[in-house]
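Atom set for the values below is all heavy atoms of this structure, side chains included, hydrogens, waters and symmetry mates excluded. Just follow the structure's listing: the first ligand is 1, and inside any ligand the first atom is 1. Residue numbers run from 1 in the order of the sequence given.
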Amino acid sequence: MRASAASRTESKVVSKMSKAELLQGRSFQPIGDPLSHIEFAEDVRRGLLKRGQKELYSKYLYDEIGSALFDAITVLPEYGLTRADARLLRRHSVGLAKRLDHPSLVVELGSGSGSKTRWILSAIAARQPVTYCPVDVSSSALENCWRELSKLDSVEVVPLAQSYLDGLRQAVELRSAGKSMLVLFLGSTLGNFNPERAEEFLSDVRQLMLPGDAFYLSTDLQKEIPRLIAAYDDSIGVTAAFNLNLIARINRELGANFDLSKFAHEARYDNKAHRIEMHLRSLVRQSISIGDDFTIKLRRDETIWTESSYKFRCEDIASLARRTGFDCEIQWVDEEWPFAQSLLRAV
Ligand code: AVJ
């Protein structure tokens with residue numbers, strides 16, 4: 001009796017609350033089950049036991065500490081990418097919203113903390129209510145994103161803690177009949193994929209879209225090598241900490257015994273492949289146990305490759321778009337830090 005009376009009172013109160021108040025009170029509940037411990041262990045095992053160049057997948061850089069360090073990277077003076085991305089979005093959001101066919105669903109792949117997305121979401125929501133699905137494997141980043149953007153008027157945030165394609169597959173279920181969708185892939189995250197994977201990924205995304213839907217893609221552009229090296233090897237060592245955190249994470253989660261003082265962060269540019277590479281260089285000859293699962297040996301100066309960040313030319317994006325079922329409708333370029341945003345239309 002008492003319980004039902006209480007819940008009746010509660011629902012009455014709730015019905016009077018504004019949307020903002022409702023969202024304030026609602027707890028963060030992402031849909032999905034992000035990366036599993038088993039998958040992490042298997043990927044680490046495969047990458048470290050590889051003959052030749054050892055490697056670790058860059059998606060594992062983003063645990064709670066790694067995501068916080070990445071947020072610090074985005075405000076470093078040397079790291080111009082995020083500011084360029086934000087400048088372009090601020091400058092062109094309204095123009096972009098006008099070109100779109102009143103999308104009712106916006107899906108952001110790799111939203112991170114979502115701070116850049118505010119401009120484009122408000123420009124779209126000013127024209128009609130919108131459902132926003134941030135997709136990210138980092139639930140701490142998703143929670144920040146949810147806190148930041150669920151306050152916007154006419155925006156419903158549905159966070160998806162999943163891989164990009166699983167998240168997109170889930171999100172398209174929320175599309176209202178006859179309405180279009182906008183997929184955002186900002187921050188030059190596409191640059192983490194090698195060219196074959198990037199092409200395959202865009203084709204997979206295209207498969208989940210309908211003709212007329214829009215894909216808005218940010219990519220870092222080729223520029224002077226010293227500027228690129230500085231962006232990935234900053235003077236106060238935040239990027240070094242970001243990189244080293246990956247082996248610290250393996251210590252924490254898989255019971256390994258990496259001694260971080262025996263590794264150095266390294267950023268290199270491969271001028272043929274047009275990519276920055278991050279490596280962890282072993283300063284001595286050493287062996288490391290990954291829990292009681294397996295052991296690896298590292299020679300002095302042998303490296304573990306932890307990330308690639310490809311740098312593009314505008315025409316690379318346009319031709320990649322054509323090969324994957326899109327038409328590159330317009331590109332905007334930041335002059336201060338060469339960086340492009342491309343509006344790709346599903347054909
Ligand atoms: C988030 C993948 C775009 O490659 O520039 C920053 C990650 N790595 N500093 C990038 C990163 C080192 C970043 N992305």
Side-chain angles (χ1 to χ4, degrees), residues 55-89 108-117 134-138 140-142 144-145 163-164 184-195 197-198 201 216-223 225-249 263-270 273-281 303-312 317 334 337-342:
E55 61 183 349
L56 291 167
Y57 291 153
S58 58
K59 65 177 175 182
Y60 294 116
L61 290 162
Y62 302 90
D63 65 347
E64 190 174 4
I65 297 175
S67 297
L69 287 168
F70 178 68
D71 285 346
I73 288 173
T74 64
V75 292
L76 290 171
E78 295 98 330
Y79 193 79
L81 283 81
T82 310
R83 282 182 296 276
D85 211 4
R87 268 194 301 275
L88 288 171
L89 279 175
E108 182 170 13
L109 309 177
S111 63
S113 62
S115 49
K116 282 170 290 175
T117 317
V135 180
D136 206 295
V137 288
S138 163
S140 63
L142 265 186
N144 291 337
C145 175
S163 71
Y164 299 146
L184 300 170
F185 199 29
L186 305 177
S188 199
T189 308
L190 184 72
N192 286 162
F193 297 148
N194 68 39
R197 270 285 293 135
F201 179 72
Y216 198 59
L217 175 66
S218 297
T219 44
D220 199 17
L221 299 178
Q222 292 166 16
K223 55 181 67 60
I225 296 172
R227 279 179 96 184
L228 284 173
I229 296 284
Y232 290 86
D233 193 4
D234 62 277
S235 57
I236 62 170
V238 183
T239 309
F242 174 67
N243 196 6
L244 285 161
N245 176 57
L246 181 50
I247 50 179
R249 177 183 186 179
F263 287 89
H265 164 67
E266 191 172 298
R268 308 178 188 163
Y269 191 69
D270 181 328
H274 305 290
R275 65 173 182 233
I276 280 275
E277 297 175 6
M278 287 205 313
H279 290 257
L280 290 165
R281 171 182 296 278
T303 69
I304 303 172
W305 186 3
T306 53
E307 185 183 58
S308 298
S309 218
Y310 283 82
K311 305 301 166 186
F312 302 88
I317 302 305
D334 189 71
W337 178 276
F339 190 95
Q341 287 178 347
S342 310

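The proximity of Leu81 to ligand 1, defined as any non-hydrogen pair under 4.0 Å, is limited to the side chain.
For a threshold of 3.5 Å applied to N or O pairs, the pair formed by Ser309 and ligand 1 contains at least one separation below that value. Distances between N or O atoms of Glu307 and those of ligand 1 include at least one value under 3.5 Å. Between Tyr79 and ligand 1, at least one pair of N/O atoms sits closer than 3.5 Å.
Proximity of Gly187 to ligand 1 is established by a heavy-atom distance of less than 4.0 Å. Look at Tyr62 and you'll find a heavy atom under 4.0 Å from some atom of ligand 1.
Taking CZ from Phe312 and CG from Leu221, the interatomic distance works out to 9.5 Å, rounded to the nearest 0.5 Å.
Among Phe193, Tyr232, Tyr310, Phe70, the residue whose heavy atom lies closest to atom 5 (O) of ligand 1 is Tyr232.
Checking side-chain atoms of Arg83 against main-chain N and O of Pro77 turns up a donor-acceptor pair under 3.5 Å.
Residues Leu280 and Thr306 have side chains in contact (heavy-atom distance under 4.5 Å, counting atoms from C-beta outward). Between Glu266 and Met278 there is no side-chain heavy-atom pair separated by less than 4.5 Å. You'll find the side chain of Asp334 stays beyond 4.5 Å of the side chain of Asp85, heavy atoms only.
Listed by number with element, the atoms of ligand 1 under 4.0 angstrom from any heavy atom of Asn192 are 2 (C), 4 (O).
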Item to check | Working for side chain to side chain donor-acceptor pair (under 3.5 Å), residues Ser67 and Ser138 | outcome: CA-CA 7 Å; Ser67 297; Ser138 163; 3.1 Å; yes
